[in-house]
J.: 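Structure in structure tokens, see below.
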Amino acid sequence: MDKSMVVSVLEGIATLLELKGENPFKSRAYRTAARVIDTLPEELSDLIAQGRFKGIKGIGEGIGEKIIQLVTTGNLPYYEELKKEFPPSLLELLDIPGVGPKRAKVLYEELGIKDIDSLEKACKEHRIAGLAGFGQKTEENILLGINQFRSFSAYHRYGDLVDIVEELLDYLKKNPSIVHVHVAGSFRRGKEIVKDLDFLCTSKNPGAVMDYFVQFPQVRRIVNHGETKSTVIFDKGLSCDLRVVPDEDYAYALLHFTGSKEHNVALRQRAIAQGKKLSEWGLFQLSKLEEKPVAESESEDNPQTMQPQESKIFCRTEKDVYAALGLAYIPPELRENMGEIEAAQNNEIPRLVEWEDIRGVFHCHTTESDGRSSLEDMAKAAMEMGLEYLGIADHSKSSFQANGLSEERVYAQLDKIKNMNSRLQNFRLLSGIECDILKEGKLDFSDTLLEELDYVVASLHAGFSNDEEDNTQRLIKAMENPYVTMLGHPTGRLLLVRKPYPVNMEKVIDCAAKTGTWIELNAQPMRLDMDWRLWKSARDKGVKCVINPDAHHVKEIGYYKIGVNIARKGWLRKEDVINCLSLNDITKALQIKGRKKTPF
DNA sequence: GCCGTTTTCGGCCCGACTGTTTTCAGTCG
């Protein structure tokens, strides 16, 4: 039993204890233990075998013994017994916003509700409002929560699909009868939310490819197993198609199945205007009708008296197809029919930023606040990834829930960073803070402290109201502070979980341009905030982007690559992204940035 | 269930918000 399985068992116990209404500190102890195990650099089995498992902070006698039992026997009777007390489907209810363990327990015990469907039914029959502690409003909110959950669960976050896409590509490439294979669809376009996966390959033996595809180990259900197209379902209801086409049609098919629909429609209209026809099966030159009249004898059987003749325009790559339409190559990320066709016609498609351009990142957390990796480990990981600098930005004191740093702890961390930097070569840790934006745009720390740091990320975490003007003014006020270098996750959205708080982004972007504040492209797969749809106009107003992983673990530093996808969707070039600057240049930029001269 | 310069019991992170209440419980971050 590996670490991640132990972590999920401990978290499962914590959830079940909450449902039971046990001492909340007991369930918290299990959550803490899960977190500690998740953070351990070593394998549990090694620690136990070498007798070094005792004495880890957060894991006492009780939980410690359970973990040992779990790791050595692969089973934990305590957990199995706990699970028997509630139907497994009851845990679904906790996914509904507004339903926590206490309410789930009451719903189950009083009304026998054990899954989302029965909860929805009870709401509609107004049986919820009568329960003690529940009212009409709660009933309405739960129903809204169910609708939200349902509408979101049909979609998947890009970042959550990266692994399975790579695994399936590797798997398909191992099959000798597959010549070319590519992921297409909205995943290839780098959309932050993806409904299903589309794969495309070429082969002379489609049947064998289809048989191989449906045997992919992650397949949970086969929906369709055809000759040239199959559909399967992975975990979490993720649907995935694979199509096989002849090798000579690959370019057209890849273009077609990459989309977007809107982009394809625009391309087809362009083709028609040029006397051509574009489909997934090819690009065809249509001959003029009068040149090829259909023979009279044939026309009697055919209501159409004229048959246009088609001749296929041979294209080996997508680039060839675009060229045949008089267009420069359009990268998949831009294919949203948002100006890319006009740009391609005028040869104005920019050279988009690539992840290899990134030289360092800001906004990373450590164990000092709510991160799960130490400062030392984060620095080491960043160096190993070939980055030149790593910005640390732990939470500020108002973020209690994230163990935000007090002034004293900020100064202590600053000293530690200076000390580490004195021993580092060709790499630098940058000292920063993710400073909470409080009511009325006040910052969580005084300017005196902020001035000491290399940079400041200002973020809104709590207390955002439903008043757009109020939220907007808070962000603006924060950006006007001369020590605020960048605005963190500007809209606060959590993809498929929480909508952005109401904020006038146009005003925020204008203020960023005016004050020279950088805007973050937070690359946490849950956030990807600011949205790609806003970047092009922000760029045109002179706003600089900073792609940050918002990493809470060494493994999350690499999230910046997902951020680069989004930056590309936002038409950003290397020169628009601040962290494409070398360590030398970033140091200079921070000297100006952190001490903005103009008072606002 | 964990922990200890408040040490073997008693506290454990804090505050906003909402909706339910008549002083507070549940949820969320």
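Numbered from 1 within each chain, the chains take letters A, B, ... in sequence-line order.
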J.: Give the rounded distance in Å between these two atoms: CD1 of A/I56 and P of B/dC3.
T.: 10 Å

J.: For a quick test of reading the model: is some side-chain N or O of A/T32 closer than 4.0 Å to OP1 or OP2 of B/dC2?
T.: no

J.: Protein within reach of the bases, or only the backbone? For nucleotides 21-29 of chain B, mark each nucleotide 5' to 3' as B, S or -, using heavy atoms under 4.0 Å.
T.: -----SSSB

J.: Under 3.5 Å, which donor-acceptor pairs do the side chains of residues 48-71 of chain A form with other protein atoms, sequence neighbours left out?
T.:
unit_1: A/Q50; atom_1: OE1; unit_2: A/R52; atom_2: NE; d: 2.9
unit_1: A/Q50; atom_1: OE1; unit_2: A/R52; atom_2: NH2; d: 2.6
unit_1: A/R52; atom_1: NH1; unit_2: A/E42; atom_2: OE2; d: 3.0
unit_1: A/R52; atom_1: NH2; unit_2: A/E42; atom_2: OE2; d: 2.9
unit_1: A/K66; atom_1: NZ; unit_2: A/Y30; atom_2: OH; d: 3.2

J.: For A/R127, is there an ion pair with A/E110 - N to carboxylate O distance below 4.0 angstrom?
T.: no

J.: OP1 or OP2 of B/dG1 sitting under 4.0 Å from any side-chain N/O of A/N23?
T.: no

J.: Quick one: A/D436 CG to B/dC14 P, roughly how many Å, whole number?
T.: 16 Å

J.: Only pairs with both distances under 3.5 Å count, Watson-Crick or wobble alike; so what is the partner of B/dT8 in this structure?
T.: none

J.: Compare all side-chain heavy atoms of A/F362 with those of A/T485 and state whether any distance is below 4.5 angstrom.
T.: no

J.: Between B/dT27 and B/dT21, how far apart are the two P atoms, rounded to whole Å?
T.: 15 Å

J.: Distance check, C1' atoms only: B/dA25 and B/dT20, in whole angstrom units.
T.: 8 Å

J.: In whole Å, what is the span from the CG atom of A/L16 to the P atom of B/dG1?
T.: 14 Å

J.: Classify the nucleic acid contact of A/K66 as base, sugar-phosphate or nothing, counting any heavy atom under 4.0 Å across all strands shown.
T.: sugar-phosphate

J.: Take atom CD1 of A/I128 and atom C1' of B/dT20, then tell me their distance rounded to the nearest Å.
T.: 15 Å

J.: Does any non-hydrogen side-chain atom of A/R568 lie less than 4.5 Å from one of A/W532?
T.: no

J.: Between B/dT6 and B/dC2, how many Å separate the two P atoms, rounded to a whole number?
T.: 22 Å

J.: When the C1' atoms of B/dC13 and B/dC3 are compared, how many Å lie between them, rounded to an integer?
T.: 16 Å

J.: What is the distance, rounded to the nearest whole Å, between atom CD of A/Q136 and atom C1' of B/dT20?
T.: 13 Å

J.: Rounded to the Å, how far apart are A/E18 CD and B/dG1 C1'?
T.: 14 Å

J.: Measure from CD1 on A/I437 to P on B/dG15 and round the result to the nearest Å.
T.: 20 Å

J.: Under 4.0 Å between a side-chain nitrogen and a carboxylate oxygen: does that hold for A/E376 and A/K416?
T.: yes

J.: Given B/dG4, B/dC12, B/dT20, identify the nucleotide with an atom nearest to the side chain of A/K57.
T.: B/dG4

J.: Of all the heavy-atom pairs spanning A/Y455 and A/I392, show the shortest one and how long it is.
T.: OH-O, 2.9 Å

J.: Are the charged groups of A/R493 and A/D531 less than 4.0 angstrom apart, N to O?
T.: yes

J.: Starting from C1' on B/dC3, measure out to CZ on A/F25 and report it in whole angstrom.
T.: 13 Å

